[in-house]
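This report concerns only the one structure given below.
Each ligand, and each atom within it, is numbered from 1 in the order the structure gives. Not measured: the values here are computed from a predicted model.
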Amino acid sequence: MLTCGEVLARMLEAYGIDTAFGIPGTHTIELYRGLPQTSIRHVTPRHEQGAGFMADGYARVTGRPAACFTVSGPGAFNIATAMGQALQDSVPMLVISADNSAHQRGLGEGRLHETRNLQAAMAECSAWAHTLLRPADLPQVLARAFTIFFSERPGPVHLTIPVDVITAPADDVCVDPWPLPTRPAPDLRAIRSAADLLNTAQRPVLALGGGCADAAAQVLQLAEALAAPVTLTHNAKGILLMGHPLLVASSPSYEPVRELYREADVILGIGTEFSETDYDFFFDGQFALGGKLIRIDIDAMQLTRNVRPEIAIRADAGMAAAALLEDIDAGRRDGSARTRAVNEALVDYHRADYQDFLDCFQRALPGAIIMADSTQPAYFAAAQYQAPLPRRFASAATGYGTLGYALPAAFGACLAMPDTPVVALIGDGGLQFTLNELSTGVEAGLPVAVVVWNNRRYEMIAQNFEAAGMAPIACDIHTPDFLAIARAYGCEAQRVTTIAELEEQLQRSRQCAVPTVIEVLEEDFLTPLADEAVTGGE
Ligand SMILES: Cc1ncc(C[n+]2csc(CCOP(=O)(O)OP(=O)(O)O)c2C)c(N)n1
């Protein structure tokens with residue numbers, strides 16, 4: 001006899017899941033029974049939030065979901081923050097929580113991990129939350145989850161399964177995946193109207209977001225045909241490479257870029273939310289589009305948020321860009337001079353000391369993935385760091401903005417792409433949220449470089465206090481000896497004081513069989529500013 005749990009493991013494998021993160025508990029034991037009969041690799045984090053962030057890192061760099069197994073109650077609530085982060089950034093993730101038996105749920109009998117309504121609780125941080133009440137429903141429930149992951153705007157899916165359903169017989173459940181729905185193709189009349197507008201535009205601008213991550217080739221061709229300056233959000237970094245004559249190499253929140261949007265007669269926004277954390281990073285409310293907006297998004301609801309479009313096209317980014325390209329009169333203008341002028345104006349907004357620091361990552365580890373936390377250099381990376389490819393940079397300095405994200409996310413990325421160097425860039429405050437996951441990194445043998453930006457305080461918030469005319473409260477924190485802790489976990493650990501030393505340690509980290517914690521003291525890397533003009537903020 002096969003149980004529902006065993007069939008589930010086979011089905012996950014059939015859908016292409018190759019990695020599962022989880023801390024086993026009394027209720028999830030039966031989720032594990034079928035796992036050894038599959039090729040799925042199981043990784044054990046030290047906290048369920050770590051599991052979620054690892055699954056997030058895995059998905060950011062591949063576009064594919066990993067699975068997470070948690071117990072109800074504490075396990076599920078521990079992973080909820082990571083699911084919130086994934087929801088905010090459209091990251092696919094399948095979280096399966098074992099609940100009390102179906103007939104016991106919601107009775108308040110004080111059972112182990114009892115949660116009144118787990119599905120309702122997890123729905124708050126899920127693209128879809130469901131409770132499986134019989135094995136026979138498994139095929140269509142998984143088909144729906146994977147439809148969210150691959151056929152529409154991705155996000156985390158939460159599946160509650162009562163323990164008696166996990167152990168129920170499921171021999172007659174077919175493990176074959178359902179065919180997934182096609183992604184939405186654009187309406188060709190709307191594409192024609194958009195092309196008409198773009199063909200007559202004098203000063204078009206392209207605003208690209210993370211929704212274009214898998215459509216880089218198509219949007220690049222479109223940008224070149226339009227010869228329009230291109231702006232990128234955090235999650236779009238790497239779609240155009242540094243040095244491309246149309247790349248506006250900075251954050252959409254800086255004044256010269258905003259001027260570009262204001263002066264544009266047509267703005268083409270693809271797969272971008274136009275939301276605060278990329279377009280109004282300093283919370284001054286001054287983001288505005290001067291011209292007509294053509295907006296393309298796979299999520300129809302997103303086309304109704306933040307800015308009013310002239311033309312709204314619900315479609316897959318790559319398909320829409322390819323369709324638009326057919327109707328664009330290429331070579332009508334040259335956008336490189338406008339782009340160059342913006343990039344020249346941006347020099348005054350960028351900081352050289354952070355530029356040196358950020359540049360050394362790709363110099364030391366070409367092609368590296370950077371997972372950034374909410375720490376000072378990560379704020380500057382929003383503008384000043386250029387990724388070598390799409391899906392090679394993620395940052396918790398914006399969006400949901402969860403401290404502690406970068407370390408487990410970097411481990412997830414490394415598990416997904418072991419041949420690509422991975423760096424976690426994290427502050428002394430952020431690291432203390434998920435420091436325990438160093439243990440996971442050692443256990444899984446992950447050669448990740450963990451660069452700790454240490455200023456012994458919550459600097460970002462101290463700056464916020466000062467900007468509000470207050471002396472900072474609760475911002476100076478005790479920071480432990482990170483190098484001693486890292487070594488105690490079994491990591492390599494080194495403090496560096498110069499860019500050259502940092503580069504050397506980054507390169508060495510790739511030769512190690514465990515993570516390398518590289519501590520940098522802020523005062524060694526920053527040139528004090530008389531009047532700091534450019535800081536980002538939570
Ligand atoms: C879970 C969570 N709690 C609180 C915050 C608010 N917060 C944003 S940045 C920050 C300070 C981070 O300090 P650190 O990691 O040392 O980075 P620094 O700014 O000092 O470089 C805090 C507390 C947050 N983003 N996430």
Side-chain angles (χ1 to χ4, degrees), residues 47-50 52-53 56 77-89 124-125 234 275-278 281-283 351 353-354 357-358 370-385 394-410 423-438 450-468 470-483 485-486 495 502 517-529 532 534-538:
H47 186 284
E48 286 85 357
Q49 191 178 110
F53 287 148
D56 178 309
F77 288 175
N78 279 348
I79 205 171
T81 301
M83 292 173 68
Q85 179 100 5
L87 185 65
Q88 181 112 339
D89 272 351
E124 288 303 315
C125 53
H234 276 89
S275 68
E276 176 180 88
T277 53
D278 277 291
F281 198 57
F282 304 107
F283 310 111
R351 269 184 63 174
D353 42 12
Y354 280 111
F357 180 77
L358 294 168
I370 309 284
M371 291 293 176
D373 215 70
S374 213
T375 184
Q376 294 305 301
Y379 290 105
F380 288 87
Q384 296 180 224
Y385 176 75
S395 169
T398 62
Y400 209 57
T402 316
L403 283 174
Y405 165 83
L407 181 79
V423 178
L425 174 58
I426 191 162
D428 55 287
L431 182 57
Q432 292 186 69
F433 279 72
T434 47
L435 187 62
N436 52 348
E437 298 302 350
L438 286 177
V450 181
V451 177
V452 188
W453 182 266
N454 191 353
N455 49 27
R456 304 175 197 89
R457 69 191 320 217
Y458 296 139
E459 173 62 28
M460 193 67 256
I461 307 306
Q463 289 177 16
N464 290 170
F465 271 110
E466 280 157 14
M470 281 185 268
I473 298 170
C475 289
D476 289 304
I477 52 170
H478 169 70
T479 52
D481 181 343
F482 288 122
L483 301 182
I485 290 182
R495 179 175 302 141
L502 174 56
V517 172
I518 306 172
E519 185 181 34
V520 300
L521 300 182
E522 184 175 271
E523 62 263 29
D524 290 336
F525 286 81
L526 282 197
T527 320
L529 285 190
E532 193 167 321
V534 277
T535 53
E538 288 283 287

Do other residues, nucleotides or ligands put more than 12 heavy atoms under 6.0 Å from the CD atom of E466?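 Atom CD in E466 is packed in, count exceeds 12.
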Numbering the atoms of ligand 1 from 1, which are under 4.0 Å from a heavy atom of [X]?
X    : value
G429 : 14 (P), 15 (O), 16 (O)
G430 : 14 (P), 15 (O)
D428 : 16 (O)
M460 : 9 (S), 19 (O)
W453 : 21 (O)
N455 : 18 (P), 20 (O), 21 (O)

E523/R456 salt bridge by N-O under 4.0 Å criterion: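 Salt bridge flag = yes for E523 with R456.
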Please state which option from Y400, F433, Y405 has its nearest heavy atom closest to atom 3 (N) of ligand 1. F433
Shortest heavy-atom approach to atom 6 (C) of ligand 1 - which of D373, I477, N464, I461: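 Nearest option to atom 6 (C) of ligand 1, by heavy atoms: I461.
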Kindly give the heavy-atom pair with the smallest separation between T434 and G404, and that separation in Å. OG1-O, 2.7 Å
Taking [Y]'s backbone N and O only, do any of them form a donor-acceptor pair with [X]'s side chain (distance below 3.5 Å, no angle check)?
X    : Y    : result
D278 : H234 : yes
Q85  : T402 : yes
N454 : L521 : no
E437 : H47  : yes
D428 : R457 : yes

[X] and ligand 1 - part of the residue with a heavy-atom distance under 4.0 Å:
X    : value
T375 : both
E522 : neither
L403 : both
Y379 : side chain

For the 3.5 Å polar cut-off, considering only N or O atoms, please tell me whether Y458 and ligand 1 meet it.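 By distance alone, the answer is no.
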Any N/O of T402 closer than 3.5 Å to an N/O of ligand 1? no
Once the angle between the rings of F281 and Y379 is folded into 0 to 90°, is it parallel (under 30°), tilted (30 to 60°) or perpendicular (over 60°)? tilted
